[in-house]
Amino acid sequence: MIFLRPSLLHLNPDKILKPKMDFLRDVGFSTPDLIFLLSHNPTILASSLDNQIVPAYGFLKGVLGTREVVVLAAKRSPWLLHNNLHKTMGSKIEVLRDHRVPDSSISAMIKQRPRLFLSLHPDRFTKAITKVKAMDFRPSSSLFYMALGSILSISESHWEEKFELYRSFGWSEDDILLAFKKMPRIMELSNDKIRRMMDFFLKEPGLGLSIISSWPHLLLFSLEKTIIPRWSVIRVLTSHGILNKDANVSTIFKLQEEKFLEKYVIKYQEKVPQVLQAYHGKTAIEG
């Protein structure tokens with residue numbers, strides 16, 4: 001903190017620093033929370049308690065509802081607590097309310113993406129909302145604010161770049177929009193992740209483009225931690241005749257981790273010990 005804000009050394013610890021620390025503890029910040037918050041933004045300690053920190057906390061509490069959610073939002077964006085949130089956030093909240101986005105969705109969006117409310121101009125929100133509505137997202141649905149957050153977080157040029165990348169794998173514009181409507185976060189993935197996931201799904205299990213576009217959540221999984229271990233287990237079970245070659249592998253990829261382990265690893269580990277090795281990455285995938 002001192003490296004980032006050496007002027008803190010000149011502040012009176014009892015009159016200036018302690019009251020702020022006491023307030024933050026009183027409203028729900030644990031010691032680890034405070035260490036994280038202040039190490040990422042020590043400017044909070046140089047901010048006015050009465051004119052900045054308390055009003056900012058009160059604004060967030062009024063919008064988000066609970067102390068726990070305020071702490072979560074502040075940790076995601078440590079700059080929240082020394083901003084004039086009535087001015088920076090209030091204008092964007094009014095834009096959302098004018099478009100009949102429910103307060104529950106606004107709160108969820110602030111909790112998950114507080115930085116968007118600090119850094120972007122209200123006009124950017126208006127344009128993004130118009131774009132999301134044109135895609136037939138309903139303001140009352142949770143997917144609306146997810147789509148809005150995705151569009152706000154990337155530039156127009158990056159949006160077009162993602163479209164071109166998905167097209168390069170054979171998706172039509174309708175396929176891409178269908179996938180986006182089901183899981184908006186696919187447009188926020190890095191180009192490298194998109195390439196690796198699409199390459200794998202198309203070449204290894206041979207999933208069709210229509211399967212991926214109808215369940216684009218697959219693209220969000222970790223290739224190394226989730227998809228490859230599961231595919232290795234599927235290959236082992238198929239080679240032993242336990243799984244049919246025509247098994248619906250996309251359904252297997254979608255399973256929760258505990259359910260997958262129970263159904264495909266634990267169930268067969270005595271009969272086919274290789275499943276455990278495959279799951280832990282000790283069995284190579286052969287082409």
Side-chain angles (χ1 to χ4, degrees), residues 1 16-122 124-126 128-129 132 137-153 183-185 188 217 220 256-258:
M1 289 193 296
I16 297 178
L17 299 182
K18 187 176 182 300
K20 295 168 187 174
M21 299 287 283
D22 288 344
F23 172 78
L24 292 171
R25 286 196 183 95
D26 289 344
V27 297
F29 287 85
S30 66
T31 298
D33 291 336
L34 284 174
I35 291 172
F36 178 88
L37 183 72
L38 299 176
S39 63
H40 283 76
N41 184 21
T43 304
I44 293 172
L45 292 175
S47 303
S48 167
L49 177 61
D50 294 330
N51 296 327
Q52 289 180 296
I53 298 173
V54 173
Y57 174 82
F59 180 90
L60 289 172
K61 180 72 160 42
V63 174
L64 299 177
T66 68
R67 298 194 306 174
E68 292 77 13
V69 180
V70 172
V71 171
L72 179 62
K75 287 173 66 179
R76 284 183 172 158
S77 183
W79 295 269
L80 284 174
L81 291 178
H82 68 89
N83 265 273
N84 182 346
L85 298 185
H86 287 277
K87 181 179 179 180
T88 55
M89 275 193 172
S91 56
K92 286 110 178 182
I93 289 172
E94 286 308 309
V95 168
L96 292 168
R97 285 174 174 163
D98 287 344
H99 286 273
R100 298 186 179 180
V101 178
D103 285 349
S104 58
S105 292
I106 295 172
S107 297
M109 193 172 173
I110 293 174
K111 179 177 72 173
Q112 294 173 16
R113 299 170 179 269
R115 292 185 186 185
L116 296 179
F117 288 80
L118 293 180
S119 59
L120 301 180
H121 193 276
R124 179 85 183 273
F125 271 70
T126 300
I129 289 170
V132 172
F137 285 95
R138 290 179 293 106
S140 60
S141 80
S142 60
L143 283 173
F144 182 92
Y145 79 78
M146 291 174 64
L148 181 62
S150 291
I151 289 174
L152 286 170
S153 67
M183 176 39 68
R185 284 183 55 202
E188 299 178 62
H217 305 67
L220 272 56
Q256 292 184 347
E257 193 66 11
E258 287 184 7

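Here, residue 1 is the first one in the sequence, and each next residue gets the next number.
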To the closest 0.5 Å, what do you measure between [atom1] ([X]) and [atom2] ([Y])?
X: Asp33; Y: Leu24; atom1: CG; atom2: CG; answer: 10.0 Å
X: Phe117; Y: Leu152; atom1: CZ; atom2: CG; answer: 8.0 Å
X: Leu116; Y: Leu148; atom1: CG; atom2: CG; answer: 8.0 Å
X: Ile53; Y: Leu80; atom1: CD1; atom2: CG; answer: 12.5 Å
X: Leu81; Y: Thr43; atom1: CG; atom2: OG1; answer: 12.0 Å
X: Ile93; Y: Asp103; atom1: CD1; atom2: CG; answer: 8.5 Å

List the atom of [X], the atom of [Y], and the distance in Å for their closest heavy-atom pair.
X: Ile151; Y: Ala128; result: CG2-CB, 3.9 Å
X: Pro55; Y: Leu49; result: CD-O, 4.0 Å
X: Ala56; Y: Leu85; result: O-CD1, 3.6 Å
X: His82; Y: Ser47; result: CB-OG, 3.0 Å
X: Phe29; Y: Ala74; result: CZ-CB, 3.8 Å

N/O donor-acceptor pair under 3.5 Å between [X] side chain and [Y] backbone:
X: Lys20; Y: Leu45; answer: yes
X: Ser105; Y: Val101; answer: no
X: Ser107; Y: Val63; answer: yes
X: Ser150; Y: Met146; answer: yes
X: Lys92; Y: Leu120; answer: yes
X: Asp22; Y: Pro19; answer: no
X: Asn83; Y: Trp79; answer: yes
X: Gln52; Y: Ser48; answer: yes

Working for side-chain contact (heavy atoms from CB on, under 4.5 Å), residues His40 and Lys75: CA-CA 9 Å; His40 283 76; Lys75 287 173 66 179; over 6 Å; no

Kindly check if the number of other-residue, nucleotide or ligand heavy atoms within 6.0 Å of [atom1] ([X]) is above 12?
X: Glu257; atom1: CD; answer: yes
X: Arg138; atom1: CZ; answer: no
X: Arg124; atom1: CZ; answer: yes

Working for side-chain contact (heavy atoms from CB on, under 4.5 Å), residues Leu38 and Met21: CA-CA 10 Å; Leu38 299 176; Met21 299 287 283; 3.5 Å; yes

Steps toward side-chain contact (heavy atoms from CB on, under 4.5 Å) verdict (Gln112, Tyr145): CA-CA 10 Å; Gln112 294 173 16; Tyr145 79 78; 3.5 Å; yes

Can you find a heavy atom in the side chain of [X] that is under 4.5 Å from one in the side chain of [Y]?
X: Ile129; Y: Phe144; result: yes
X: Phe125; Y: His99; result: no
X: Val27; Y: Lys61; result: no

Electrostatic pair Glu188:Arg113 at N-O distance under 4.0 angstrom: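 The answer is yes: the pair qualifies as a salt bridge.
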
